[in-house]
Q: 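The following block contains the structure, expressed as structure tokens.
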Amino acid sequence: MELKQNHFDDKIEIVAIIGSVRDKKRLEKVFEQYKPYLVFHAAAHKHVPLMETSPLEAIKNNVIGTYNVAKCADKYGAKRFILISTDKAVNPTNIMGASKRMCEMVVQAMNKISDTQFAAVRFGNVLGSNGSVVPLFKKQIATGGPVTVTHKEITRFFMTIPEAVGLVLQAMSYAEGGEIFVLDMGAPVKIYDLAISLIKLSGLEPDVDIPIKITGLRPGEKLYEELLMAEEGLRQTAHNKIFIGKIHDVEYSNMENGIETLKQLTQNEDITMEEIKNTIRKIVPTYREPDEVNNEEINKKNEAKNVIDIKVLNKLNNNSDEQAVV
């Protein structure tokens with residue numbers, strides 16, 4: 001409706017089509033009829049705690065769905081296929097993030113055997129999008145609170161909808177095939193500080209007018225998101241906010257074997273969570289438990305703080321005037 005209202009042009013036909021990425025027959029029919037030149041693939045279950053509860057749905061929709069659309073893009077001669085990925089695919093601590101990393105692997109493997117140029121664009125949270133924390137905080141403030149934050153130290157990357165869309169389109173124009181584009185999202189934002197700022201911007205006082213409640217990390221939730229894996233390097237593009245991550249060597253045959261394993265997995269509704277996780281770890285070796293990763297990050301921060309404290313103490317012992325200032 002927005003496109004038709006703001007960009008009305010008799011020469012441009014805007015067609016909205018309903019279908020599921022799980023439905024191969026529907027996809028085939030749509031691709032055969034329209035033969036799209038560019039494909040932007042954003043369809044995915046993106047809610048971290050819900051995917052921890054329903055892991056097979058993440059695999060069916062995110063991984064196998066991406067594979068289905070990618071195969072159609074190849075078969076019907078799309079020029080470019082751009083996967084909308086996420087920072088949660090980096091060293092994932094949850095099923096959703098691991099599934100999106102597998103989507104990236106599908107894209108990289110497909111690029112090796114196809115004339116279609118396959119690439120992925122990886123970025124963090126988009127302000128104002130469905131499920132974004134800012135509308136949630138505003139709603140909580142409007143109803144008198146409390147504003148809920150899962151952990152005092154949790155941080156996230158943010159950008160606006162126009163920024164995200166503009167950079168995705170720019171990255172698409174740079175794609176030659178096989179890249180994982182990484183968008184520069186600036187410094188990560190501490191969610192607790194964001195909550196305080198929004199309360200103050202509403203003309204209220206945090207923990208006086210509006211309480212802030214720490215609710216605890218949710219299943220699969222990570223304290224700090226990353227945009228690159230340790231083994232990835234960065235290559236600059238012509239745009240100062242778009243980088244290319246080092247390309248991983250994902251063989252098509254390995255990807256196909258992984259997809260087949262996952263398809264068999266989804267046929268067994270009685271499978272245990274541990275069996276699902278063990279299967280995913282074989283395909284995504286960087287997938288780890290959230291408690292393990294979060295404890296490592298907390299320990300790193302504490303060690304860094306201790307180093308600073310020791311330096312301050314040494315300085316104080318050597319200079320009594322500075323002690324007075326401190």
Side-chain angles (χ1 to χ4, degrees), residues 18-30 41-74 83-110 120 122 130-131 150-151 215-223 225 229 248 250-296:
I18 296 295
S20 170
V21 293
R22 299 185 190 187
D23 188 341
K24 288 195 288 184
K25 286 185 179 178
R26 178 66 174 145
L27 285 172
E28 288 271 354
K29 188 173 181 181
V30 171
H41 180 56
H45 288 315
K46 294 179 278 285
H47 194 284
V48 169
L50 285 180
M51 292 308 100
E52 292 299 294
T53 309
S54 305
L56 295 183
E57 297 308 299
I59 292 169
K60 291 175 193 173
N61 206 59
N62 297 5
V63 189
I64 298 171
T66 295
Y67 177 75
N68 291 341
V69 181
K71 292 291 281 186
C72 281
D74 169 56
L83 170 73
I84 306 303
S85 191
T86 169
D87 52 3
K88 291 176 176 61
V90 186
N91 297 321
T93 60
N94 48 68
I95 299 290
M96 196 285 281
S99 73
K100 291 296 278 185
R101 175 58 197 141
M102 285 185 268
C103 294
E104 292 180 349
M105 294 165 78
V106 168
V107 162
Q108 292 176 303
M110 284 295 299
R122 189 190 282 168
N130 286 340
T150 59
H151 194 286
T215 58
L217 289 172
R218 298 175 298 174
E221 199 164 41
K222 199 177 186 180
L223 275 177
E225 298 294 0
M229 286 185 275
H248 292 263
V250 181
E251 292 299 328
Y252 181 80
S253 59
N254 292 341
M255 182 273 289
E256 284 269 79
N257 290 337
I259 291 291
E260 194 53 45
T261 300
L262 292 172
K263 283 180 179 177
Q264 291 173 14
L265 199 71
T266 60
Q267 300 305 308
N268 181 6
E269 291 293 338
D270 296 323
I271 194 167
T272 67
M273 187 64 169
E274 198 53 42
E275 288 173 312
I276 294 169
K277 287 183 175 183
N278 287 338
T279 303
I280 291 174
R281 281 191 194 96
K282 291 174 185 175
I283 302 170
V284 183
T286 53
Y287 172 50
R288 296 165 68 196
E289 288 297 320
D291 287 347
E292 182 185 352
V293 174
N294 289 332
N295 288 337
E296 280 181 10

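Computed over heavy atoms, backbone and side chain alike; hydrogens, waters and symmetry mates excluded. Heads up: numbering here begins at 1 and tracks the sequence.
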Q: Atom CG in Leu50, atom CD in Glu57: separation rounded to 0.5 Å?
A: 11.0 Å
Q: Under the 3.5 angstrom rule, does the side chain of Asn91 hit a backbone N or O of Arg288 as a donor-acceptor pair?
A: no
Q: Suppose we screen for side chain to side chain contact (heavy atoms under 4.5 Å, CB included). Which residues come up paired with Val63, at least two apart in sequence or across chains?
A: Ser99, Met102, Ile259, Leu262
Q: Answer yes or no: is there a side-chain heavy-atom contact under 4.5 Å between Leu217 and Asp291?
A: no
Q: Between Val48 and Met96, what is the shortest heavy-atom contact and its length?
A: CG2-CE, 4.0 Å
Q: Between Pro55 and Ile276, which heavy-atom pair has the shortest distance, and what is it?
A: CG-CD1, 3.6 Å
Q: Hey, does the side chain of Lys88 reach the backbone of Arg101 with a donor-acceptor pair shorter than 3.5 angstrom?
A: no
Q: Are Lys71 and Glu28 within salt-bridge range, i.e. N to O under 4.0 Å?
A: no
Q: Would you say the side chain of Glu104 lies within less than 4.5 Å of the side chain of Val90, judging by non-hydrogen atoms?
A: no
Q: Determine whether a donor-acceptor pair (N or O, by modelled atom type, separation under 3.5 Å) exists between the side chain of Asn294 and the backbone of Leu223.
A: yes
Q: Is the count of non-hydrogen atoms from other residues, nucleotides or ligands lying under 6.0 Å from Lys24 atom NZ greater than 12?
A: no
Q: Would a 4.5 Å heavy-atom cut-off, applied to side chains only, mark Asn94 and Met51 as touching?
A: no
Q: Holding to side-chain hydrogen bond (donor to acceptor under 3.5 Å, both in side chains), I want the full list of residues that pass it with Gln267, two or more places apart in sequence or in another chain.
A: none
Q: Got a second to check how far Met110's CE is from Glu256's CD, nearest 0.5 Å?
A: 8.0 Å
Q: Test of understanding: with side chain to side chain contact (heavy atoms under 4.5 Å, CB included), list the residues that count as partners of Asp270, not counting sequence neighbours.
A: Asn268
Q: Work out which heavy atom in Ala70 is nearest to a heavy atom in Val106; give both atom names and the distance.
A: CB-CG1, 4.3 Å
Q: Does the salt bridge (charged side-chain N to carboxylate O under 4.0 Å, His left out) test come out yes or no for Lys277 and Glu289, once each step is laid out?
A: CA-CA 9 Å; Lys277 287 183 175 183; Glu289 288 297 320; 3.3 Å; yes
Q: What's the separation between atom CG in Asn278 and atom CG in Leu265, rounded to the nearest 0.5 Å?
A: 10.5 Å
Q: Run the salt bridge (charged side-chain N to carboxylate O under 4.0 Å, His left out) test on Glu269 and Lys60 for me, step by step, so that the C-alpha distance in whole Å, both residues' side-chain angles and the decisive distance to 0.1 Å come before the verdict.
A: CA-CA 12 Å; Glu269 291 293 338; Lys60 291 175 193 173; 3.3 Å; yes
Q: Does a side-chain heavy-atom distance below 4.5 Å link Met255 with Gln108?
A: no
Q: Of the non-hydrogen atoms in Leu27 and Cys72, which two are nearest, and what is the gap between them?
A: CB-SG, 3.8 Å
Q: Does any non-hydrogen side-chain atom of Pro92 lie less than 4.5 Å from one of Val284?
A: yes
Q: Can you see which heavy atom on Val21 is nearest to which on Ala43, and at what distance?
A: CG1-CB, 3.9 Å
Q: Name the residue from Ile84, Val69, Thr66 that meets the side chain to side chain contact (heavy atoms under 4.5 Å, CB included) definition with Cys103.
A: Thr66
Q: So, for Ile280 and Tyr287, which heavy atoms are closest and what is the spacing to 0.1 Å?
A: CG2-CD2, 3.7 Å
Q: Is it true that, when you exclude Lys29 itself, more than 12 heavy atoms of the residues, nucleotides or ligands shown sit nearer than 6.0 Å to its NZ?
A: no
Q: Can you list everything that forms a ring pair (Phe, Tyr, Trp, His ring centres under 6.0 Å) with His45? Sequence neighbours excluded, please.
A: none
Q: With rounding to the nearest 0.5 Å, note down the distance linking CD1 in Ile59 to CD1 in Ile95.
A: 6.5 Å
Q: In Å and rounded to the nearest 0.5 Å, what is the CD to CZ distance from Glu274 to Arg281?
A: 5.5 Å
Q: Sequence neighbours excluded, which residues qualify as side chain to side chain contact (heavy atoms under 4.5 Å, CB included) partners of Ser253?
A: Glu251
Q: I need the Tyr67 OH to Glu260 CD distance, nearest 0.5 Å.
A: 8.0 Å
Q: Would you call Asn62 and Lys46 a side-chain contact if the rule is heavy atoms closer than 4.5 Å?
A: no
Q: Are any of the side-chain heavy atoms of Lys282 and Thr261 separated by less than 4.5 Å?
A: no
Q: If the condition is side chain to side chain contact (heavy atoms under 4.5 Å, CB included), which residues does Val30 pass it with, not counting sequence neighbours?
A: Ile17, Arg26, Tyr34
